[in-house]
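See structure below.
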Amino acid sequence: MSLEQEKICLMFDRIARTYDPVNRILSVGQDQRWRNLMVRQIPRQENLSVLDVATGTADVLIALCKNNPHMARGEGVDLAEKMLEIGRAKIKAFGLSDKLSLHKADAKKLPFEDNCFDAVTISFGIRNFSAIKQSLLEIARVLKPGGRLLILEFSLPKNFWVRSIYLFYFRFILPWLGGIISREKNAYRYLNETVESFPYSKAFCQILDNAGFVSVKETPLCFGIATLYEGSNPC
């Protein structure tokens with residue numbers, strides 16, 4: 001792990017305890033709505049196996065089990081151990097330990113065999129990856145032929161007025177409010193900085209194309225505040 005990646009992991013570990021409630025407050029509950037929308041795009045096939053990368057506190061995997069009766073196996077990976085600890089506690093509380101398990105692992109080197117997942121999800125995490133293309137190639141390796149990749153990430157609205165209000169909120173209100181609740185103001189300044197610098201829309205679709213995914217598409221959410229990207233592993 002690089003020094004920069006280690007710093008990011010330590011930052012997420014520091015905000016782990018308040019991560020879920022702060023997300024609900026700062027997004028006015030939209031983060032859960034967006035995740036539920038993403039999991040509904042996953043095929044409802046028998047014996048479904050899903051990998052959630054940058055799983056954090058396992059919100060996506062838990063939503064999958066609630067929304068997809070065909071879910072047979074869910075694995076989550078993340079580098080922030082304290083986030084995983086909270087995720088494991090949530091999985092146990094929901095009685096899902098027989099279906100879901102979490103592992104400390106890097107997206108660049110996933111601890112799974114080739115062609116073993118029907119779908120891979122990433123929710124608000126790919127902008128933190130230290131090597132996006134390498135990670136996408138590794139995801140393609142563990143996906144079955146025809147398997148689906150779904151990525152939910154923040155983006156910038158195209159409408160001038162919506163974008164202006166959004167950036168004001170992200171640059172000033174969000175770090176202030178997130179800092180008060182979590183006592184880690186720098187973590188929420190980091191969020192703002194990474195969102196503004198991350199490629200989105202057509203630029204990110206091109207990254208997925210270059211990594212070999214097919215049938216790539218984007219779906220803007222809430223005027224483009226977030227975007228759901230989808231792609232398939234070639235058959």
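Computed from heavy atoms alone, side chains included, the values below leave out hydrogens, waters and symmetry copies.
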Test: [X] and [Y] ion pair at under 4.0 Å:
| X | Y | answer |
| --- | --- | --- |
| Arg141 | Glu138 | yes |
| Glu196 | Arg127 | no |
| Asp31 | Arg24 | yes |

Do the side chain of [X] and the main chain of [Y] share a donor and acceptor less than 3.5 angstrom apart?
| X | Y | value |
| --- | --- | --- |
| Asp78 | Gly56 | yes |
| Lys90 | Ala58 | no |
| Ser155 | Gly224 | yes |
| Asn233 | Leu143 | yes |
| Tyr229 | Ser201 | yes |
| Asn159 | Val162 | yes |
| Thr121 | Leu150 | no |
| Asp13 | Lys82 | yes |
| Asp118 | Ser49 | yes |
| Asn36 | Gln32 | yes |

For [X] against [Y], the heavy-atom pair lying closest together:
| X | Y | result |
| --- | --- | --- |
| Pro199 | Phe204 | O-CB, 3.7 Å |
| Ser101 | His103 | OG-NE2, 3.4 Å |
| Ile151 | Leu136 | CD1-CD2, 4.3 Å |
| Leu137 | Ala211 | CD2-O, 3.6 Å |
| Leu79 | Cys9 | CB-SG, 3.2 Å |
| Arg148 | Ser232 | CD-OG, 3.4 Å |

Parallel, tilted or perpendicular, as decided by the 30° and 60° cut-offs, for the rings of Phe154 and Trp34: perpendicular
Approximate separation, where rounding is to 0.5 Å, of [X] [atom1] and [Y] [atom2]:
| X | Y | atom1 | atom2 | value |
| --- | --- | --- | --- | --- |
| Ile15 | Asp20 | CD1 | CG | 10.0 Å |
| Leu149 | Ile122 | CG | CD1 | 5.5 Å |
| Lys202 | Asp209 | NZ | CG | 10.0 Å |
| Arg40 | Asn67 | CZ | CG | 6.5 Å |
| Ile86 | Arg88 | CD1 | CZ | 11.5 Å |
| Leu156 | Arg163 | CG | CZ | 4.5 Å |

Do Leu167 and Trp176 sit in one hydrophobic cluster, given that two such residues count as connected whenever their side-chain heavy atoms are within less than 4.5 Å of each other, even indirectly? yes
Answer whether the closest heavy-atom distance between the side chains of [X] and [Y] falls below 4.5 Å.
| X | Y | answer |
| --- | --- | --- |
| Phe94 | Ile91 | no |
| Leu102 | Leu61 | yes |
| Ile132 | Ile207 | yes |
| Arg35 | Phe124 | yes |
| Val53 | Leu51 | yes |
| Glu75 | Arg73 | yes |
| Leu221 | Thr219 | yes |
| Arg44 | Pro69 | yes |

Kindly indicate, with the supporting measurements, whether the criterion side chain to side chain contact (heavy atoms under 4.5 Å, CB included) is fulfilled by Leu208 and Asn210. CA-CA 5 Å; Leu208 293 176; Asn210 293 343; over 6 Å; no
Between Gln134 and Phe129, is a side chain to side chain contact (heavy atoms under 4.5 Å, CB included) present by the stated rule, with each step listed? CA-CA 10 Å; Gln134 184 180 345; Phe129 287 10; over 6 Å; no
Just do the side chain to side chain contact (heavy atoms under 4.5 Å, CB included) check on Val77 and Lys104 with the steps written out, would you? CA-CA 6 Å; Val77 298; Lys104 185 173 182 177; over 6 Å; no
Among side-chain atoms of His70 and Glu46, is any donor-acceptor pair under 3.5 angstrom? yes
Side chains of Glu153 and Thr227: donor-acceptor distance under 3.5 Å anywhere? no
Does the side chain to side chain contact (heavy atoms under 4.5 Å, CB included) test come out yes or no for Phe170 and Glu193, once each step is laid out? CA-CA 9 Å; Phe170 245 51; Glu193 292 165 0; over 6 Å; no
With a 6.0 Å cut-off (strictly less than), is the heavy-atom count around CZ of Phe198, excluding the residue itself, greater than 12? yes
Validation row, ring centre Phe168 to ring centre Phe172 under 6.0 Å: yes
